[in-house]
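Below: one structure, written as structure tokens.
One-based numbering, in listed order, for ligands and for the atoms of each. These numbers come from the heavy atoms of this one structure, side chains and all, not from hydrogens, waters or symmetry mates.
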Amino acid sequence: MSVSDSFEPPAEPGARLRHPAEPWRVKSVEPLRLTSPQERRDALEQAGYNVGLLPADLVYIDLYTDSGTSAMSDRQWAAVMLGDESYAGSRSFYRLEAAVRRYYGYEHVIPAHQGRAAENILSRILIRPGHQVPGNMYFTTTRTHQELNGAVFHDIVVDEAHDPAADLPFKGNVDLGKLERLIDKVGAEQIPYVSLAATVNMAGGQPISLANMADVRELTRRHRIPVILDAARAVENAWFIKQREPGRGEETVAEILREMCALTDGATMSAKKDSFANIGGWLAVRDPQLAEKARNLVVVYEGLHTYGGMAGRDLEAVAQGIEESVREDGIRTRIEQVAYLGDRIAAAGVPMVRPVGGHAVFLDARAFLPAVPPEEFPAQTLTCALYLDAGIRSTERGAVSAGRDPDTGENRCPRLELVRLTIPRRVYTQSHMDVVADSVARLHARRGEFASGVSFTHEPATLRFFQSRFRPVASAPLFGPAAR
Ligand SMILES: *Cc1c(COP(=O)(O)O)cnc(C)c1O
């Protein structure tokens, strides 16, 4: 038994007052800058009330994303030095290929510089205009690539995924009735693949069960429809399966991950999530003909099929990160840190998505700011308030992220209007989580001061949330001067 396997967190039944101590220590520190309330007000105005446009130097705790923001280990940095920068046939590619084959179980591995690059190639290979792509809720970049290639996306996630209060173990599951009805309606030949995410980001980082994946596999096998996994957070999903799915508690996370992948025909991967890499991704498939097509396209968009837009050192960091990602003690502290933040916020009576997901705590902005009308973007407004209050950067996951319907041009109005507090892996401490929980509770106590939200001053056509700019609807500041 290795040291990692024998790690046991302090057992604390009932309220989670702390999270398990980390199975690592800090070797290198990065200083943070504290800002004054006035500096933050000025910075936010200059950023067009879009926290994504703030200079990171003016952010104290950056919970914008867990993508590429995780701390690499000393082993990953050491692996970086071993990177083979050969243009063709790099040794580092073979190491990555071996890691993906071993831990995810797919035969053909095509590197891509990040997840959306893998999505681009997959969508170009499989989708023709008029195709219909079902998925357990949309993800921004995934759906954008599907639509750019002429497909229509269909949400087939269980209804409860759209209900922030439904406290269920597997809110990422597919509603098989929805999938079956879609197949009946459009015909299996119009469905190039089923797009399965694990965990489901837009539902709040909610997992899908192995049983549900097996049912999807069975149904799609009958109709000869492939299943493609969005594997960005599949390890986190595997941890939830181990905790929540009957009969899975004795299996390792690595075993469960392999079982999940075995129920699919291929995967797109953002290695910036589970694999602790700052950049990187891959596309993997079982079908050699698909792999051949993907290799031909990766050369056009990314680079030769043995580096796919990554430096040899990045391939090394991803390969090492994959091995670290399935360690039980590491994944446990990761998920429990997120749960700790969620429990503290819930204890303050703040409306949020239940249960707490794998990578983030999602605040229910519509319930948090009931006086802000939907067309004034309550979630966008709340991200501004969190920054003004304590220098915390969060993400809007609501109407701004959902964008407009490509046919009608109307704003989509998703039932979930959320603010995501996304926790990078191995980066922040329990004290940082306390600062965040305190700020959220403080704003919630002052929620009566928010009567109006923000409106667009600039709106890009695709993935508008990244570059859009806003102004407060009322001439008064978004809310009174910061309490501190
Ligand atoms: C991040 C992410 C992607 C896209 O990956 P990038 O590396 O950011 O391009 C796709 N799907 C999910 C679920 C993600 O979280």
Side-chain angles (χ1 to χ4, degrees), residues 52 63-70 96 100 104 110-124 133 135-148 153 155 157 161 171-172 174 193-208 227-238 240 257 260-261 264 266-284 298 301-302 308-310 314-315 317-318 321-322 325 334 338 357-360 362 394-397 401-402 416 418 420-425 462-463 465-467:
L63 307 185
Y64 190 63
T65 178
D66 63 333
S67 179
T69 53
S70 298
L96 172 66
V100 175
Y104 292 85
I110 296 103
H113 81 276
Q114 61 184 93
R116 69 198 69 185
E119 291 167 351
N120 173 39
I121 289 162
L122 180 88
S123 304
R124 281 175 179 271
V133 178
N136 54 344
M137 222 164 191
Y138 83 97
F139 181 74
T140 52
T141 60
T142 319
R143 185 178 64 190
T144 298
H145 280 296
Q146 291 160 356
E147 289 175 351
L148 284 173
F153 176 82
D155 188 352
V157 79
K171 283 168 82 175
V174 167
Y193 61 95
V194 173
S195 184
L196 271 196
T199 60
V200 181
N201 195 340
M202 304 303 270
Q206 305 293 334
I208 178 172
V227 176
I228 301 292
L229 180 68
D230 182 335
R233 296 185 190 78
V235 176
E236 293 175 4
N237 197 109
F240 284 121
L257 179 65
M260 292 167 62
C261 295
T264 68
T268 53
M269 177 66 177
S270 169
K272 304 171 71 173
K273 317 287 170 59
D274 274 349
S275 309
F276 308 106
N278 299 128
I279 193 74
W282 43 264
L283 167 66
V298 88
Y301 290 101
E302 297 288 302
M310 281 188 279
D314 298 327
L315 298 165
V318 174
I322 289 173
S325 71
R334 155 56 168 180
V338 178
H359 66 299
F362 289 74
S394 55
T395 326
E396 194 267 3
R397 278 290 177 257
S401 295
L416 295 180
L418 307 177
R420 191 182 72 188
L421 301 164
T422 336
I423 317 299
R425 297 161 190 80
T462 48
L463 299 177
F465 51 95
F466 281 129
Q467 309 282 345

Using modelled atom types only, decide if a donor and an acceptor are shared between the side chain of D274 and the backbone of A234 within a distance under 3.5 Å. yes

Donor-acceptor check, side chain of N136 to backbone of G172, threshold 3.5 angstrom: yes or no? yes

Pairs of nitrogen or oxygen atoms closer than 3.5 Å, one from T199 and one from ligand 1: do any exist? no

What I want to know is whether D230 and ligand 1 share at least one N or O pair that is separated by under 3.5 angstrom. yes

Check: Q206 and F362 side chains under 4.5 Å, non-hydrogen atoms: no

Any T140 side-chain heavy atom under 4.5 Å of F465 side chain: yes

Nearest non-hydrogen protein atom, [atom]:
| atom | answer |
| --- | --- |
| atom 7 (O) of ligand 1 | S270 OG, 2.7 Å |
| atom 4 (C) of ligand 1 | T141 OG1, 3.5 Å |
| atom 3 (C) of ligand 1 | F139 CE2, 3.4 Å |
| atom 14 (C) of ligand 1 | K273 NZ, 2.8 Å |
| atom 8 (O) of ligand 1 | R116 NH2, 2.9 Å |

Please identify which atoms of ligand 1 are closer than 4.0 Å to at least one heavy atom of [X].
| X | answer |
| --- | --- |
| E119 | 10 (C), 11 (N) |
| G115 | 5 (O), 6 (P), 7 (O), 9 (O) |
| N201 | 15 (O) |
| K272 | 7 (O) |

side-chain contact (heavy atoms from CB on, under 4.5 Å) involving Q114 - partner list, sequence neighbours excluded: R116, K272, I279

Decide side chain to side chain contact (heavy atoms under 4.5 Å, CB included) for T144 and E119; before the verdict, give the C-alpha distance in whole Å, the side-chain angles of both, and the deciding distance to 0.1 Å. CA-CA 9 Å; T144 298; E119 291 167 351; over 6 Å; no

Roughly how far, to the nearest 0.5 Å, is CG of D66 from OG of S70? 6.0 Å

Apply the side-chain contact (heavy atoms from CB on, under 4.5 Å) test between T264 and each candidate in V194, D230, V227; give the one that qualifies. V227

